[in-house]
Every structure is written in C-alpha cells, then in structure tokens.
Amino acid sequence: MIDNDTKRLSRLTAILTQLQTKRLITAPDLAEKFSVSVRTIYRDMRALEQSGVPVVTEEGKGYSLMDGYRLPPVMFTETEANALITAEQLVIKNKDASFVKEYREAIGKIKAVLRHNTKDSANLLSERILFGHNAGNDRTSTNLADLQLALTRFTLLKIDYHSPDTNESSSRTIEPFALLSTQENWLLVAWCRLRKAFRTFRLDRIRNLTVLNERFEPHKMTLQEYFEISQKKS
C-alpha cells in the first residue's frame, strides 16, 4: 500500500511538471506516458484539483494550468543536472553567439536552484568535459534567438543575404519554417516571397535581419513532410 502511495505521489508530481511544461496535454497522452489507465489519470487530476492546483479542463481537448499559476522551482537529480551540464559544454561550441548567450543565462538560473552538493558535482563535471569541434569557439552568426522567436510566433522577416557563388547580396522577405543544425552551421528553412518557394539559408550568410511587424499564415506541413517533398523534387 505504501509503495502504491509513493508511486502515485511521484506520478502526481510528474504530471504537475508536464502541465507546467506544455500548454495543453490530454489524458490519453498522460496515461501512455505513465503506463496507467485513462481513468487513473482522471482520478489524479481530481486529486490535484482538490489539493488546490488550478487545473483547467478544456472539454474534448485536454488539461492546462490556469494562466499566472507558477509551481515552485523543480529540484533536479544529479544525473539530470549532469545531462544539462554536458549539453552546456556542447552549446558553448555552437557558432551562433545569441544561442550561446541565451543558453548560458538559462543554465545559470537552473544552477541557482540546485542543491549545494549537486551544484558542486555539476561544476566539477563542467571542468572535466571537452568537445573537440570548433576548438576556437568561433562565432559566425548572431541571429538564432530572433529566428527562434519569429518561427514560433509566425512573424515575417526581412534579410539581406549574401551568396558567395555570385558574390552578390539580395534582400528577401521570408516566412521562417524550420531550423537545422549541421556540425559547421545553422540553416534556416523558410518560404521566400521573392522566389515563391522554400529556400535554405545559412545563418552565417545573413548580413542583416529585421523582424517585421507582420505575421504570416502558418504552413500546414510538418518538417518530415517537407523533407519528403524535397526528396521527391531532387
């Protein structure tokens, strides 16, 4: 009985984390994630509501937390902290300066809530991990953070793009669709209104980027569907 109560408490805590992480989540999704029945998830949600958590139920859609509600800081396990520290060392090698800056600020906030012994271990680990690529920590672009926001907010961008093949620059209005990372560069997939087609742009060749005060209609296509269409054309 005690073991079952412990499992349920652990699941309720994990459900709270899921609710804080995602805008909307369904009972079937939660049931699959925690390997329980949908009915069990219904009971868990009632238990959270009875304990004072403002769970919002959208009929036929799922669950969310009331706007403005914030949970206390999450306590990371040592292995979770190690995973984040390892990722930090990889991010430091990234060639986009804005990405490095934003991640360092985020990881700083995460380190602030770590227990002292976990924090000491995380700091030791960060001193003992080295990724070999981009050894000089070169920065070749600064636009990734703005591009990420434009992509998720469906905001138009104007870019001045340099083509080394022709040694010419062109001004484009684009609709950001996806971001791809290679070992050397970040790539932006976007609908180019000048060419009236999807194009791929290297971030290090974007000479100037302006976020326009205009939104575009989201493309009804997944990234996987984009790859499949591209393969058929090639």
Colleague: Check for a donor-acceptor pair, side chain of Ser98 on one end and backbone N or O of Ala145 on the other, with a separation under 3.5 Å.
Modeller: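 Indeed, once roles are kept as given, a pair shorter than 3.5 Å links the two residues.
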Colleague: Of all heavy-atom pairs between Ala150 and Leu157, which one has the smallest distance, and what is that distance?
Modeller: CB-CD2, 3.7 Å
Colleague: What are the two closest non-hydrogen atoms of Thr26 and Lys61, and how far apart are they?
Modeller: CG2-O, 3.0 Å
Colleague: Could you measure the distance from the CE atom of Met221 to the CH2 atom of Trp191? Nearest 0.5 Å is fine.
Modeller: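 Interatomic distance, Met221 CE to Trp191 CH2, rounded to 0.5 Å: 8.5 Å.
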Colleague: Centroid separation under 6.0 Å, is that true for the rings of His219 and Tyr226?
Modeller: no
Colleague: Is any side-chain heavy atom of Leu194 closer than 4.5 Å to one of Arg199?
Modeller: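 No; the side chains remain at least 4.5 Å from each other.
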Colleague: So, for Arg172 and Ser170, which heavy atoms are closest and what is the spacing to 0.1 Å?
Modeller: NE-OG, 2.8 Å
Colleague: Are Leu30 and Val55 joined in one hydrophobic group, where the rule is that I, L, V, M, F, W and Y side chains link up if heavy atoms are under 4.5 Å apart?
Modeller: yes
Colleague: Measuring from atom CG of Leu223 to atom CG of Leu179, what distance do you get when rounded to the nearest 0.5 angstrom?
Modeller: 10.0 Å
Colleague: Regarding Lys232 and Glu228, does a basic nitrogen lie under 4.0 Å from an acidic carboxylate oxygen?
Modeller: no
Colleague: Is any side-chain heavy atom of Leu149 closer than 4.5 Å to one of Thr155?
Modeller: no
Colleague: Provide the closest heavy-atom pair for Phe177 versus Thr222 in the form atom of the first, atom of the second, distance.
Modeller: CZ-O, 3.8 Å
Colleague: CZ/Arg104 to CD1/Ile107 distance, rounded to the nearest 0.5 angstrom?
Modeller: 11.5 Å
Colleague: Mind listing the closest non-hydrogen atom pair of Gly62 and Leu24 along with its distance?
Modeller: C-CD1, 3.8 Å
Colleague: Would a distance-only check, ignoring hydrogens and angles, find a side-chain to backbone donor-acceptor pair under 3.5 Å from Arg207 to Asp204?
Modeller: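 A pair under 3.5 Å: yes.
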Colleague: Is any side-chain heavy atom of Phe34 closer than 4.5 Å to a side-chain heavy atom of Ile15?
Modeller: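 Yes, side chains in contact.
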Colleague: Can you tell me if Lys93 has over 12 outside heavy atoms packed within less than 6.0 Å of its NZ?
Modeller: yes
Colleague: Looking at Asn185 and Arg202, would you say the former's side chain and the latter's main chain have a donor-acceptor pair under 3.5 Å?
Modeller: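 Such a contact is absent between Asn185 side chain and Arg202 backbone.
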Colleague: If you count every heavy atom of other residues, nucleotides or ligands that lies below 6.0 Å from Asn117 atom CG, does the total exceed 12?
Modeller: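 Atom CG in Asn117 is crowded, with more than 12 foreign heavy atoms closer than 6.0 Å.
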Colleague: With side chain to side chain contact (heavy atoms under 4.5 Å, CB included) as the test, would you mind laying out the steps for Ser163 and Arg205 before giving the verdict?
Modeller: CA-CA 7 Å; Ser163 176; Arg205 295 177 181 172; 6.0 Å; no
Colleague: Applying side-chain contact (heavy atoms from CB on, under 4.5 Å) between Leu203 and each of Leu147, Thr142, Ile159, report the one that passes.
Modeller: Leu147
Colleague: For the atom pair OG (Ser126) and CG (Asn82), what is the distance rounded to the nearest 0.5 Å?
Modeller: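 Separation between the atoms: 10.0 Å.
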Colleague: Distance-only, no hydrogens or angles: does the Arg139 side chain make a donor-acceptor pair with backbone N or O of Asn94 under 3.5 Å?
Modeller: yes
Colleague: Evaluate Glu88 against Tyr103 for side chain to side chain contact (heavy atoms under 4.5 Å, CB included), listing each step before the verdict.
Modeller: CA-CA 7 Å; Glu88 179 189 22; Tyr103 192 91; 3.7 Å; yes
Colleague: Any side-chain heavy atom of His162 sitting closer than 4.5 Å to one from Asn167?
Modeller: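 Heavy-atom side-chain distance check passes, below 4.5 Å.
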Colleague: With a 4.5 Å heavy-atom cut-off, do Phe201 and Ile174 have their side chains touching?
Modeller: yes
Colleague: Find the distance between CD (Glu105) and NZ (Lys101) and round it off to the nearest 0.5 Å.
Modeller: 3.5 Å
Colleague: Within the supplied structure, the quantity of interest is the number of heavy atoms (other residues, nucleotides, ligands) at a distance under 6.0 Å from Glu49 CD; does it exceed 12?
Modeller: yes
Colleague: Find out if a path of hydrophobic residues (ILVMFWY) with successive side-chain heavy-atom gaps under 4.5 Å connects Phe198 to Ile229.
Modeller: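 Linked, Phe198 and Ile229 end up in one cluster.
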Colleague: Output, in order, the C-alpha distance, side-chain angles, deciding distance and verdict of side chain to side chain contact (heavy atoms under 4.5 Å, CB included) for Arg193 and Phe216.
Modeller: CA-CA 11 Å; Arg193 291 192 170 182; Phe216 62 88; 4.0 Å; yes
Colleague: Report the C-alpha distance between Tyr161 and Leu188 in whole Å, list the side-chain angles of each, state the deciding distance to 0.1 Å, and finish with yes or no for side chain to side chain contact (heavy atoms under 4.5 Å, CB included).
Modeller: CA-CA 12 Å; Tyr161 192 73; Leu188 170 68; over 6 Å; no
Colleague: Answer yes or no: is there a donor N or O on one side and an acceptor on the other, between the side chain of Arg215 and the main chain of Arg153, under 3.5 Å?
Modeller: yes
Colleague: Spell out, yes or no, whether Leu209 and Leu212 are grouped together once hydrophobic residues are joined by side-chain heavy atoms under 4.5 Å, including indirect joins.
Modeller: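 No, Leu209 and Leu212 fall in different hydrophobic clusters.
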Colleague: What distance separates Arg23 CZ from Asp67 CG, expressed to the nearest 0.5 Å?
Modeller: 9.5 Å
Colleague: Minimum heavy-atom separation for Thr118 and Glu78, please, with both atom names.
Modeller: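 Reported closest heavy-atom pair: CG2-CA, 4.0 Å.
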